[in-house]
Amino acid sequence: MLNVLLAGVGGQGTVLAAKLLAQAALEKGWQVRTAETIGMAQRGGNVVSHVRIGDKGETVHASLVSRGMADLVIAFEPAEAARVLPYLAPAGTLVAATTAVQPVTAALSTDPYRATDVVANVQRALEGTKATFIPVDDQALVEAAGSRKVLNNLLLAKALQTGCIPISLVDLRSAIAACVKPKLVDMNLRAVDIAVAE
């Protein structure tokens, strides 16, 4: 059983990323279940997508990933990485964007939200464990791609490139072709190529 958790804020493409992983799993003949927990997503709130995959022929009965059970966590924003860290399995992989999405509360506070501090805290929290932490300079990737709308596929490609779950970049490209609107397929496929090249 593979457990994947994707966490971000509304509008970052977390739900589509989960759909792409599910499609890639289905194309392999695996059973898959997904679910989203959404908190005021349209107003910049958090979005968490759960993807559970029976990659060894298992029946997937429940759709939510339990704490400490995620083989892969993809965080689209540093604070979201910190927030969902308890879901990461002891030997799991965390792939996290390093660019902050400033919450409304940050504008009202005298203590600013610094992404570098959060990334450093996540790194420290995982020191001495068997977990793998891969911080991704998403700003550089987005600039190379020319659009923040492909952040989801940039991060998916970075995560799958590690080999931490048995879904390949070829599988991802096939899922993009099947799930993304035809006029946006080329832009998303290019994002995969950019992520792999960096």
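Quick caveat: nothing in here was measured; it's all calculated off a predicted structure.
The stretch residues 127-144 participates, sequence neighbours left out, in these salt bridge (Lys or Arg N to Asp or Glu O under 4.0 Å) pairs: D138-R148. Residue pairs meeting the side chain to side chain donor-acceptor pair (under 3.5 Å) criterion with at least one partner in residues 1-15, sequence neighbours excluded, are N3-R52.
Considering only residues two or more places apart in sequence or on other chains, R83 meets the salt bridge (charged side-chain N to carboxylate O under 4.0 Å, His left out) condition with E80.
In this structure, CG in D71 is found 8.0 Å from SG in C164, a value given to the nearest 0.5 Å. To the nearest 0.5 Å, atom OG of residue S63 and atom NE2 of residue H50 are 8.0 Å apart. Rounded to the nearest 0.5 Å, atoms CG (L151) and CG (L16) are 11.5 Å apart. Here the OG1 atom belonging to T34 is positioned 10.0 Å from the CG atom belonging to L21, to the nearest 0.5 angstrom. Between E27 atom CD and I167 atom CD1 the span is 10.0 Å, to the nearest 0.5 Å.
Contact annotation: the side chain of F133 never approaches that of V73 to less than 4.5 Å [non-hydrogen atoms, C-beta and beyond]. Side-chain contact between N152 and V15: absent, with no pair of heavy atoms (C-beta onward) separated by less than 4.5 Å. Under the 4.5 Å side-chain criterion, counting only non-hydrogen atoms from C-beta, W30 is not in contact with V60. For the pair H61/T59, a side-chain contact is recorded, criterion being any heavy-atom separation below 4.5 Å from C-beta on. No side-chain heavy atom of L72 sits less than 4.5 Å from a side-chain heavy atom of L5. Side-chain contact check for K19 versus V51: every heavy-atom pair is 4.5 Å or farther apart. For the pair R190/I194, a side-chain contact is recorded, criterion being any heavy-atom separation below 4.5 Å from C-beta on. In this structure, the side chains of V95 and T93 come closer than 4.5 Å at one or more pairs of heavy atoms.
Other residues, nucleotides and ligands contribute more than 12 heavy atoms inside 6.0 Å of the CE atom of M187. Within a 6.0 Å sphere centred on NZ of K28, heavy atoms belonging to other residues, nucleotides or ligands number more than 12.
Of the N and O atoms on the side chains of D171 and S174, not one donor lies less than 3.5 Å from an acceptor on the other residue. Side-chain N/O atoms of T99 and E77 include no donor and acceptor closer than 3.5 Å.
The backbone N or O of V136 sits less than 3.5 Å from a side-chain atom of T98, completing a donor-acceptor pair. Using modelled atom types, no side-chain atom of Y87 and backbone atom of V4 make a donor-acceptor pair closer than 3.5 Å. A donor-acceptor contact shorter than 3.5 Å is absent between the side chain of K56 and the backbone of M1.
Of all heavy-atom pairs spanning A24 and A175, the tightest one is N-CB, 4.0 Å. Of all the heavy atoms in F76 and A97, the pair that sits closest is O-CB, 3.4 Å. The two residues I53 and A25 come nearest to each other via the heavy atoms CG2-CB, 3.8 Å. Contact between A79 and Y113 at its shortest, heavy atoms only, is N-OH, 3.0 Å. Across K158 and A195, no two heavy atoms sit closer than the pair NZ-O, 3.0 Å. Here the shortest heavy-atom pairing between A89 and A131 reads O-CB, 4.4 Å.
Following chains of ILVMFWY side-chain contacts shorter than 4.5 Å, one cannot reach V180 starting from V170, and the two form parts of different hydrophobic clusters. Residues I74 and V101 do not share a hydrophobic cluster, clusters being chains of Ile/Leu/Val/Met/Phe/Trp/Tyr side chains in contact below 4.5 Å. Side-chain heavy atoms closer than 4.5 Å link hydrophobic residues (I, L, V, M, F, W, Y) into clusters, and following such links, possibly through other members, connects I165 to L20. When the side chains of ILVMFWY residues are joined at heavy-atom separations under 4.5 Å, either directly or via intervening members, V142 and V150 end up in a single hydrophobic cluster. L88 and L2 sit in two unconnected hydrophobic clusters of ILVMFWY residues. Membership requires side-chain heavy atoms under 4.5 Å apart, directly or through other members.
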Next item on the list: Would you check, one step at a time, whether the test side chain to side chain contact (heavy atoms under 4.5 Å, CB included) holds for L126 with L85?
Entry: CA-CA 9 Å; L126 295 176; L85 195 57; 4.0 Å; yes
Next item on the list: Under the side chain to side chain contact (heavy atoms under 4.5 Å, CB included) rule, what do V84 and V48 come out as? Steps first, then yes or no, please.
Entry: CA-CA 9 Å; V84 298; V48 178; 4.3 Å; yes
Item checked: Full working for side chain to side chain contact (heavy atoms under 4.5 Å, CB included) between V196 and L169 -> CA-CA 9 Å; V196 172; L169 293 169; 3.3 Å; yes
Next item on the list: Would you please test L94 and I134 for side chain to side chain contact (heavy atoms under 4.5 Å, CB included) and show each step?
Entry: CA-CA 6 Å; L94 168 61; I134 302 169; over 6 Å; no
